[in-house]
Amino acid sequence: MNRRGVCSALGLNLLVWGLAGVAVLPLAWMVGMAFGGGPDGAWSLENFKILLKDEPMGRWLVNSLFVSCSYAFLVVMLSAMGGYALAKYQFFGKGLAQVVLVGALLLPPQVLLPGSYELMDRIRWIDSYAALIVPGGVSVFGMLLFRQAMIAVPDDLLSAGRMDGCGEFRLWWGVAMPMVGPMVGAFTLMSFISAWNAYLWPQIILQDHGKFTLPIGLANLSGLPGYQANQGLLMAATLLSVLPAAALFLILQRDFVAGLSSGAVKG
Amino acid sequence: MSGSGGWTWRHRAAPYLFLAPSAALFATFLAYPLVRSAVLSFYKSAGPDHEVFVGMANYAFLLRDRYFWWAVANTLLFTVGFVALELPLALGLALLLNHRRVGLKKFFRLAFFSTYLVGQVFVAVIFALLLGGRQGLVNRLLMDGGVIGEPVGFLTDPRWSMVSMWIAALWLMSGYGMIYLLAALQGVDQRLYEAAAVDGASGWGRLVHVTLPGIRHVLWFLVLVGAIGGLQLFELPYVLFGGSGPNSAGLTVVMYLFITGFEVGDLGYASAIGWALVAMIGVLAALYLRSTGLLREERR
């Protein structure tokens, strides 16, 4: 390698380190602030203790976990079943269903808000978790994603299963689902994170302070004058809010990145 | 053959059973509210129980509502700037990580992508403190470095509001674009690079004539995703500024819909704003289909 090559390689690596520093700096600063506040600038858990004692932070955490897990489970199951039906069966109405799905994909969900709110009011789902979990259970994007993935499941395998007397439901669960494992992982994570980070709809639906999910609770805290003054508390709350999603991502990251990019490269 | 007749029946019914729960939810929670939003847009309402039919009045008012057009202008400016900044940044990151002399690729890929997992609300809370006031880290660094004498009002000066929104949005989204572009770069045919090298193409020439055409589908995809996301912007400015920002410099279309429908309580006018958003995204999608269609003709 000539000298110019060595220099440019060094420069590129320094550039990457610098950019990564800029990307990570806000997060590092958040962590620093969250653990700060001890006497003489020492690290301390004081902020976390105050949060868990004085604010329903622990409850919001549990609420968020419950809502996000339930939502992810529901939407993955329904999307995988729907996608399987679209990928592996010929039936009357299939063409229409696919046209409706692709059309709905472009619809901005915010246009539904007035109608949905009115419906929630009629069926008395205001301030309930059902309103956060059930209406979003049908994901157009998820069904199309699973349809795309399940086309690759060999028809011969399914026919052989039928010959052996395997029911249709068991073919889906026992044969097709294991074959699209990475997609299940990726979509579970995507759904969990979208529910975990959701703000607009929960903000409209939730009223009782104790029922808040983390984004609603945190947005509320950040508006309180006391919290503007005590930034360490706010950053501790943000850290607690970001951590569970980040942990799940680290566990499922290989599936997630593969799932994210497979759609684009094919399309 | 009686056995196989049984499985044919089950085989025929199965797709309907698989789709039934989704279809039921789709009809109840998507199609019905959509129709109701269309109907509501012809009513003036104060909460869900007081509705008065007003015909086209909501749409007529929309056309001369200064706040609405202000929100549209803000949203379009944000979207155009965001896409124009995000693509080069994401492509730069992807090219860097795709370079054969850059080490620790997996680690950096994770580091750049990690910001995408932080929800918009959490990003807004973090950046509100980073950018806010004299205490904010950014102002402190700039002042210590002697770049500025007085703190910049990132969150209080309307001239800086859009810049603050772009900074936070770019921090959130660049890693996402990078993941797609990295996958696309790895799919570009290596022989094309060899051929370009034989022709004596420079680094820039290889980028313009081999790399960009090779990844154009993913670039277009990111333009579409970025534009649709930009037009739906809400949480980030709403939490960052604690509302619509100084002089409403952070007001977006979805924020206006939210404020109208759920703070003022006029679900009818909010519906009309929602349909205006549908129209904006419809125009965008039509443009997108046309331009990608043109690309296809070029290839022939």
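Reminder, nothing fancy here: chain letters follow the sequence lines and each chain counts from 1. These figures come from a predicted structure and were not determined experimentally.
Using a distance-only test at 3.5 Å, with no hydrogens or angles considered, a donor-acceptor pair links the side chain of B:Ser37 to the main chain of A:Gly115. Within the 3.5 Å criterion, the main-chain N or O of A:Ala219 finds a donor-acceptor partner in the side chain of A:Ser222. In this structure a side-chain-to-backbone donor-acceptor pair under 3.5 Å is missing from B:Asn98 to B:Leu182. Remark: side-chain polar atoms of B:Asp266 are paired, donor with acceptor, to backbone N or O of B:Gly268 under 3.5 angstrom. The backbone N or O of B:Val254 lies less than 3.5 Å from no partner atom in the side chain of A:Gln110, so there is not a single donor-acceptor pair. Proximity of a side-chain donor or acceptor of A:Ser64 to a complementary backbone N or O of A:Leu214 within less than 3.5 Å is detected.
Neither the backbone nor the side chain of B:Ile215 comes within contact range of chain A, judged by heavy atoms closer than 4.5 Å. The part of A:Ile193 that comes within reach of chain B is its side chain, from C-beta onward, which places non-hydrogen atoms under 4.5 angstrom from that chain. When heavy atoms are compared at a cutoff of 4.5 Å, B:Thr115 approaches chain A solely by way of its side chain, counted from C-beta outward. Of the atoms belonging to A:Leu25, it is side-chain heavy atoms, and not backbone ones, that fall under 4.5 Å from chain B. The contact between B:Leu130 and chain A is made by backbone and side chain atoms together, counting heavy-atom distances below 4.5 Å. For chain A, the nearby part of B:Leu97 is the side chain; its heavy atoms alone come within less than 4.5 Å. When heavy atoms are compared at a cutoff of 4.5 Å, B:Trp275 approaches chain A by way of both its backbone and its side chain. Contact of B:Leu129 with chain A is made through backbone and side chain together, with heavy-atom distances under 4.5 Å. Contact of B:Val278 with chain A is made through backbone and side chain together, with heavy-atom distances under 4.5 Å. Proximity to chain B is limited to the side chain of A:Leu250, based on heavy atoms less than 4.5 angstrom apart. For A:Val140, the part lying under 4.5 angstrom from a heavy atom of chain B is the side chain only. When heavy atoms are compared at a cutoff of 4.5 Å, B:Phe122 approaches chain A by way of both its backbone and its side chain. Heavy atoms closer than 4.5 Å to chain B are found in both the backbone and the side chain of A:Ser241. Proximity to chain A (any heavy atom under 4.5 Å) is restricted, for B:Ala285, to the side chain, taken from C-beta onward. Contacts between A:Met77 and chain B at a heavy-atom distance below 4.5 Å are absent for every atom of the residue. Using a 4.5 Å cut-off between heavy atoms, B:Leu110 contacts chain A through its side chain alone, with no backbone atom that close. Contacts of B:Ile228 with chain A are made by side-chain atoms alone, with heavy-atom separations under 4.5 Å and no backbone atom involved. Contact annotation for B:Leu34: both backbone and side-chain heavy atoms come within less than 4.5 Å of a heavy atom of chain A.
With respect to chain A, the highest number of heavy-atom pairs below 4.5 Å among B:Gly261, B:Gly103, B:Pro33 belongs to B:Pro33. Chosen from B:Gly119, B:Ser114, B:Pro15, B:Gly243, the residue pairing most often with chain A at heavy-atom distances under 4.5 Å is B:Pro15. Interface summary for chain B: among A:Val134, A:Leu112, A:Leu78, the most heavy-atom pairs under 4.5 angstrom belong to A:Leu112. Most heavy-atom pairs under 4.5 Å with chain B, from the set A:Gly82, A:Ala80, A:Pro108: that is A:Pro108. Chosen from B:Gln232, B:Arg100, B:Glu235, the residue pairing most often with chain A at heavy-atom distances under 4.5 Å is B:Gln232. Your options are A:Leu12, A:Leu106, A:Ile204, A:Leu221, and the one with the most heavy-atom pairs under 4.5 Å with chain B is A:Ile204. The most heavy-atom pairs under 4.5 Å with chain B, out of A:Val100, A:Leu119, A:Val22, come from A:Leu119.
Against chain B, the residues from residues 85-92 of chain A that qualify, each with a non-hydrogen atom under 4.5 angstrom away, are A:Ala85, A:Leu86, A:Tyr89, A:Phe91, A:Phe92 in number order.
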* Between A:Trp125 and B:Phe29, does a ring pair (Phe, Tyr, Trp, His ring centres under 6.0 Å) hold up when you go through it step by step? -> CA-CA 12 Å; A:Trp125 275 14; B:Phe29 296 112; 5.7 Å; yes
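Here CE of B:Met255 is found 10.5 Å from CG of A:Leu200. Values are rounded to the nearest 0.5 Å.
Residue pairs meeting the salt bridge (charged side-chain N to carboxylate O under 4.0 Å, His left out) criterion with at least one member in residues 169-180 of chain B: none, sequence neighbours excluded.
Using a 30° and 60° split on the angle between ring planes, A:Trp17 and B:Phe107 fall in the tilted class, from 30° to 60°. Ring orientation note: the planes of A:Trp196 and A:Phe192 are close to parallel, at an angle under 30° on the 30°/60° scale. The aromatic rings of A:Tyr84 and A:Trp172 sit tilted, their planes meeting at an angle between 30° and 60°.
Between B:Phe258 and B:Phe234, the ring centre distance stays below 6.0 Å.
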